[in-house]
2 protein chains.
Amino acid sequence: MQEVQQILKARNLRSTQSRKEILTYLLSNKYAVAHADVEKTLSELDRVTIYRTLSTFMEKGIIHQVSDDTGATKYAVCSHQCDSLGHHDEHVHFKCVKCEQIQCIDTVEIPDIDLPEGFRPLYSNYLIYGVCKEC
Amino acid sequence: MQEVQQILKARNLRSTQSRKEILTYLLSNKYAVAHADVEKTLSELDRVTIYRTLSTFMEKGIIHQVSDDTGATKYAVCSHQCDSLGHHDEHVHFKCVKCEQIQCIDTVEIPDIDLPEGFRPLYSNYLIYGVCKEC
DNA sequence: TTTGTTTTTGCAACATACTTGCAAATATAC
DNA sequence: GTATATTTGCAAGTATGTTGCAAAAACAAA
């Protein structure tokens with residue numbers, strides 16, 4: 001059984017053609033991808049199916065969301081053991097101002113912060129903008 | 001001359017009715033506001049005028065952007081000396097998972113990060129999710 | 001305080017991102 | 001192979017953001 005089917009089965013998700021194709025695409029991409037990217041690449045799939053599949057993958061901890069300033073949500077495959085109970089891969093993301101690609105910086109954990117009295121932190125997002133290795 | 005007019009004049013922006021109302025609203029709000037919030041509150045203003053005004057205020061360093069996981073851009077008044085040449089108020093933002101409001105945590109600077117070889121950071125966004133003081 | 005110039009606004013139309021309901025199709029378990 | 005529950009595709013709708021252009025408003029200077 002291939003990797004994608006194992007990932008789906010482990011989350012009790014049916015191995016449908018759409019899911020296998022979308023997951024394969026996500027795994028093959030070193031950068032975070034937007035819905036539009038999936039749609040362009042897998043053009044035979046319905047837009048709504050792609051939205052729903054990404055949403056399902058999020059819930060099941062297969063992928064995580066990265067929000068940048070463009071308004072379009074991007075997604076990347078989780079590197080560690082995430083599941084329906086939560087995401088456990090709090091790492092920094094890097095967005096290149098030249099190529100505009102977002103990548104996970106898995107080697108760097110998000111540093112903790114001393115918040116003012118009364119604020120209880122749960123999780124966080126840290127996005128660094130700059131010029132990436134490749135550019 | 002009122003505060004809002006001084007702010008506009010200092011940036012060489014004409015003191016129009018729309019700008020004065022939108023800026024007053026932004027200043028009166030302790031949380032980050034979305035375009036939709038402005039539209040609901042100042043319902044006599046045209047949608048496009050609000051978009052353009054927020055965009056102008058961004059360029060002139062009057063407000064800054066906060067991106068969260070909802071896809072809708074939010075804005076908050078800059079606390080320090082920002083201008084057309086750039087924003088200089090790199091602070092942490094906090095989004096409450098109960099009331100869903102975003103506020104600036106002006107007292108905490110974004111901690112620096114040691115990026116892998118080859119990455120050149122320029123600026124960053126750090127958003128912490130959790131339960132706020134009020135909730 | 002009127003006039004001329006430049007900026008801003010409002011409208012129409014468009015573009016992109018995302019959601020919901022429902023019937024038909026498909027995956028899985030038996 | 002059949003029953004059942006899940007998933008998909010289509011249609012339609014909502015939310016968010018943009019662009020071009022003519023009319024209106026702000027400002028400066030006579």
Side-chain angles (χ1 to χ4, degrees), chain A residues 1-2 4-25 32-60 62-63 65-75 84 100 102, chain B residues 1-2 4-26 32-60 62-75 84 100 102:
Chain A
M1 199 197 291
Q2 291 163 359
V4 289
Q5 289 186 308
Q6 284 173 349
I7 294 173
L8 294 172
K9 184 146 203 182
R11 263 85 175 187
N12 278 313
L13 290 174
R14 296 191 174 184
S15 284
T16 65
Q17 192 59 27
S18 316
R19 284 179 181 161
K20 285 187 281 184
E21 284 180 33
I22 294 173
L23 186 47
T24 300
Y25 174 67
V33 305
H35 172 275
D37 300 321
V38 183
E39 197 182 1
K40 217 186 300 173
T41 307
L42 306 173
S43 51
E44 78 280 10
L45 297 180
D46 187 80
R47 296 176 56 254
V48 179
T49 300
I50 299 172
Y51 276 116
R52 287 199 268 229
T53 303
L54 291 172
S55 177
T56 303
F57 286 179
M58 274 279 293
E59 276 167 33
K60 297 290 183 173
I62 298 175
I63 58 178
Q65 209 184 56
V66 195
S67 312
D68 64 8
D69 52 353
T70 63
T73 308
K74 300 217 170 71
Y75 304 90
S84 314
E100 307 214 307
I102 296 177
Chain B
M1 201 196 292
Q2 291 163 359
V4 289
Q5 289 187 307
Q6 285 173 348
I7 294 173
L8 294 172
K9 184 145 205 187
R11 264 82 174 189
N12 278 313
L13 290 173
R14 294 191 176 184
S15 284
T16 66
Q17 192 59 27
S18 316
R19 284 179 181 160
K20 285 187 279 184
E21 285 180 31
I22 294 173
L23 185 48
T24 300
Y25 174 66
L26 287 164
V33 305
H35 173 273
D37 300 321
V38 183
E39 198 181 2
K40 216 185 303 174
T41 307
L42 306 173
S43 52
E44 77 281 7
L45 297 181
D46 187 80
R47 293 177 59 251
V48 179
T49 299
I50 299 172
Y51 276 116
R52 288 199 269 230
T53 303
L54 291 172
S55 177
T56 303
F57 286 179
M58 274 278 294
E59 276 166 34
K60 297 291 183 173
I62 299 175
I63 57 178
H64 59 273
Q65 210 184 56
V66 195
S67 310
D68 64 7
D69 52 352
T70 63
T73 308
K74 300 216 170 71
Y75 305 89
S84 313
E100 308 214 307
I102 296 178

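In what follows, chains are A, B, ... by sequence order, proteins preceding strands, each numbered from 1. Predicted model only: the values in this text are computed from it and were never measured.
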Tightest non-hydrogen contact, residues B/D69 and A/S67, listed as CA-OG, 3.5 Å

Q. Has the side chain of B/R52 got a donor or acceptor atom sitting under 3.5 Å from an opposite partner on the base of C/dG10?
A. yes

Q: Would you mind reporting whether B/M58 and B/L54 have side-chain heavy atoms less than 4.5 Å apart?
A: no

In whole angstroms, the gap separating C1' of C/dT19 from CG of A/L54 amounts to 14 Å

Anything under 3.5 Å between a protein N or O and an N or O of nucleotides 23-29 of chain C, put it in a table, one pair a line.
{"unit_1": "C/dA27", "atom_1": "N3", "unit_2": "A/R14", "atom_2": "NH1", "d": "2.9"}
{"unit_1": "C/dT28", "atom_1": "OP1", "unit_2": "A/S15", "atom_2": "N", "d": "2.8"}

#### Entry: Under 3.5 Å donor-acceptor pair, B/R47 side-chain atoms to D/dG17 base atoms
yes

- Message: Counting the atoms with a prime plus P, OP1 and OP2 as sugar-phosphate, which does A/T56 contact under 4.0 Å by heavy atoms, base, sugar-phosphate, or nothing?
- Response: nothing

Think A/R19 has a side-chain N or O under 4.0 angstrom from the OP1 or OP2 of D/dT7? yes

### Message
When you compare the side chain of B/I22 with that of B/F57, does any pair of heavy atoms fall below 4.5 Å?
### Response
yes

Only one of B/T53, B/T24, B/V4 passes side chain to side chain contact (heavy atoms under 4.5 Å, CB included) with B/R19, and that residue is B/T53

Separation of C/dT8 atom C1' from B/I22 atom CD1, nearest Å, is 12 Å

Among D/dG9, C/dC18, C/dG10, the one nearest any side-chain atom of B/S18 is C/dG10

Atom CG of A/L8 and atom P of D/dT8 are separated, to the nearest Å, by 10 Å

- Query: Do the side-chain N or O atoms of A/T73 get closer than 4.0 angstrom to the phosphate oxygens (OP1, OP2) of C/dC18?
  - Reply: yes

Rounded to whole Å, the CG-P distance (A/D68 to C/dA17) equals 11 Å

- For the side chain of B/S55 and the backbone of B/Y51, is there at least one donor-acceptor N/O pair under 3.5 Å apart? no

Whole-Å distance, A/D69 CG to D/dT16 P, equals 18 Å

Whole-Å distance, B/K74 NZ to D/dT16 C1', equals 13 Å

| Are the side chain of B/H35 and the backbone of B/R47 linked by a donor-acceptor contact shorter than 3.5 Å? | yes

Against the side chain of A/D46, the closest entry in D/dC10, C/dA13, C/dT9 is D/dC10

**Asked** Given side chains that start at C-beta, do those of B/L13 and B/I62 come closer than 4.5 Å, heavy atoms only?
**Response** yes

